[in-house]
Amino acid sequence: MKMNRVYGVIGIKSKMANWNADFTGRPKTTSNGDIFGSDKAFKYPIKKMWENDGEKVLYVKSYKTEKGNLQARTLAERFEQLFEKNVKDIKEKQEVLKTLFQAVDVRNFGATFAEGSNNISITGAVQVGQGFNKYEDSNIEIQDILSPFVDATKKDTAQNTSIGKKIVSDEAHYFYPFSVNPENYDIYTKEIEGLEGYSRQDFEKFKKGCLYAATAYNTNSKMGCENEFALFVECKEASKLYLANLDQYIKFKKQENEKDIIDVSELEEILEKVKSEIKEIEIYYNPYTIHLVGAKENTVIRELF
């Protein structure tokens, strides 16, 4: 079943954690100092969740043993590992496209694939923006960590074991806008026989990732990161409604010794004006840490759990 267009916002909480670090190890910021998370940081835990669920995921790092060394695979090698065929042996570009669409991350996020004689760019049905932190009082904390070992590069002169650093934000609340436009694949489905478009099943897999993937992905730096909010606005089948990024209409406020407030009043007012184009509005949130303000009666409210 083909999917309708969807717009939404995903909220991710980071407490004494580093949701998305830059190359210095600090939480990623703009030139103005605003903390944000990239779309890559958003997508990666979702891909890992899909991979753990046994789905075919192309764009994740995988390794091979080469002459006794552990090395990352090339894109062509990952393609061969996942689909059990060598891309150089595929003569028709249409067959490469059909093969790529077997991967759940390609069906959702698209792909850039330049291997052999192929130069393929697929604009994903799902587009994700940058997730800006809406908590104004976030601070960056630097923790010194004592290693039990001497620095191997200075072992002849070092007197003490080395000291490392762990950099986190004390608290941040990222809000990511996204859109789902199944029509992005029409140029392929109309020309390639047997290629299906973006389906309801594909969207449900993306939705599951939006609700749980950040919480499930517990690495050292991501421990303390969790899903706390999700909004889905599904358009009617024939709707011509096009919406700007919805995160700009959501407000976050922290109360001392109280639940945090997520205020969707302004967003609900905007959506009320175009309700004839909307099939359903869903909001998921963590009621144990969040007080939701401004949701209208016709909005479906669900707990994240």
Side-chain angles (χ1 to χ4, degrees), residues 8-51 57-63 70-75 78 105 108-112 124 126-147 149 151-153 162-179 206 209-210 212-230 245-248 250-252 254 260:
V9 179
I10 305 302
I12 294 172
K13 176 182 179 180
S14 173
K15 192 163 187 177
M16 292 303 292
N18 195 342
W19 169 247
N20 188 195
D22 62 19
F23 287 113
T24 69
R26 300 170 70 87
K28 195 182 291 288
T29 58
T30 66
S31 57
N32 295 328
D34 295 329
I35 297 174
F36 75 99
S38 73
D39 61 307
K40 308 301 185 297
F42 176 87
K43 294 173 183 175
Y44 185 75
I46 296 179
K47 292 178 184 179
K48 294 303 291 183
M49 172 175 273
W50 287 336
E51 187 177 42
V57 181
L58 178 61
Y59 289 92
V60 290
K61 185 179 288 187
S62 64
Y63 293 94
L70 198 63
Q71 296 181 356
R73 286 187 173 88
T74 66
L75 179 55
R78 176 62 177 165
D105 59 323
N108 276 278
F109 302 133
T112 299
V126 177
Q127 295 295 314
V128 180
Q130 307 300 294
F132 279 88
N133 169 38
K134 288 183 176 284
Y135 178 41
E136 295 179 353
D137 294 327
S138 291
N139 294 303
I140 294 175
E141 306 284 347
I142 300 176
Q143 305 171 14
D144 291 327
I145 302 172
L146 182 64
S147 168
F149 306 106
D151 186 345
T153 62
S162 58
I163 296 177
K165 293 186 183 298
K166 180 177 181 180
I167 306 175
V168 299
S169 57
D170 61 345
E171 187 168 348
H173 296 263
Y174 299 87
F175 288 81
Y176 279 93
F178 72 87
S179 64
F206 168 68
C210 289
Y212 310 121
T215 305
Y217 188 62
N218 284 328
T219 64
N220 182 32
S221 63
K222 299 300 186 293
M223 177 67 74
C225 297
E226 61 186 53
N227 298 90
E228 69 173 352
F229 175 84
N245 289 349
L246 301 182
D247 61 306
Q248 60 189 315
I250 294 176
K251 294 180 173 60
F252 175 88
K254 194 162 188 65
D260 300 334

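Fair warning: this is a prediction, and the values are worked out from it, not measured in the lab. Residue numbers run from 1 in the order of the sequence given.
Within the 3.5 Å criterion, the main-chain N or O of D247 finds a donor-acceptor partner in the side chain of K134. At distances below 3.5 Å, at least one donor-acceptor pair connects side-chain atoms of N18 with backbone N or O atoms of I167. With hydrogens and angles disregarded, no donor-acceptor distance shorter than 3.5 Å links the side chain of D39 to the backbone of G129.
Within a 6.0 Å sphere centred on CZ of R26, heavy atoms belonging to other residues, nucleotides or ligands number 12 at most. Around atom CD of Q143, more than 12 heavy atoms belonging to other residues, nucleotides or ligands sit under 6.0 Å away.
Judged as a side chain to side chain contact (heavy atoms under 4.5 Å, CB included), and not counting sequence neighbours, the contacts of N227 are I10, I12, A214, T215, L304. For Y212, there are no ring-ring contact (aromatic ring centres under 6.0 Å, His included) partners, not counting sequence neighbours. For K254, the salt bridge (Lys or Arg N to Asp or Glu O under 4.0 Å) test picks out E171, D260, with sequence neighbours left out.
The pair D170-K15 does not meet the salt-bridge criterion, since no charged nitrogen lies less than 4.0 angstrom from a carboxylate oxygen. Salt-bridge annotation for E51 and R78: present, with a side-chain N of the basic residue lying under 4.0 Å from a carboxylate O of the acidic one.
Side-chain contact between F229 and I250 is present, with heavy atoms from C-beta onward closer than 4.5 Å. Using a 4.5 Å heavy-atom threshold, the side chains of E228 and H173 count as touching. Between Y174 and F132, the closest side-chain pair of non-hydrogen atoms is not below 4.5 Å. For the pair Y217 and I46, the minimum side-chain heavy-atom distance is 4.5 Å or more. Annotation: side chain of N139 is not in contact with side chain of S169 (no heavy-atom distance under 4.5 Å). Put simply, the side chain of Y63 does not reach to within 4.5 Å of the side chain of Q71, judged on heavy atoms. For the pair S14 and Y135, the minimum side-chain heavy-atom distance is 4.5 Å or more. Counting only heavy atoms from C-beta outward, the side chains of N20 and P27 never approach each other to under 4.5 Å.
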Next item on the list: Show your reasoning for whether side chain to side chain contact (heavy atoms under 4.5 Å, CB included) applies to C210 and F42.
Entry: CA-CA 9 Å; C210 289; F42 176 87; 3.9 Å; yes
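Closest heavy-atom contact between K28 and S38: CE-CB, 4.3 Å. Among all heavy-atom pairs drawn from A41 and W19, the shortest one is O-CZ2, 3.4 Å. The nearest pair of heavy atoms linking D105 to W50 is CA-CZ3, 3.7 Å. Between M49 and G209, the shortest heavy-atom distance links the atoms SD-CA, 4.0 Å.
With rounding to the nearest 0.5 Å, the separation of CZ in F109 from CZ in F178 is 10.0 Å. Atoms CG and NZ, from L58 and K47 in turn, are 8.5 Å apart once rounded to the nearest 0.5 Å.
A side-chain donor from one of T24 and D22 sits under 3.5 Å from a side-chain acceptor of the other.
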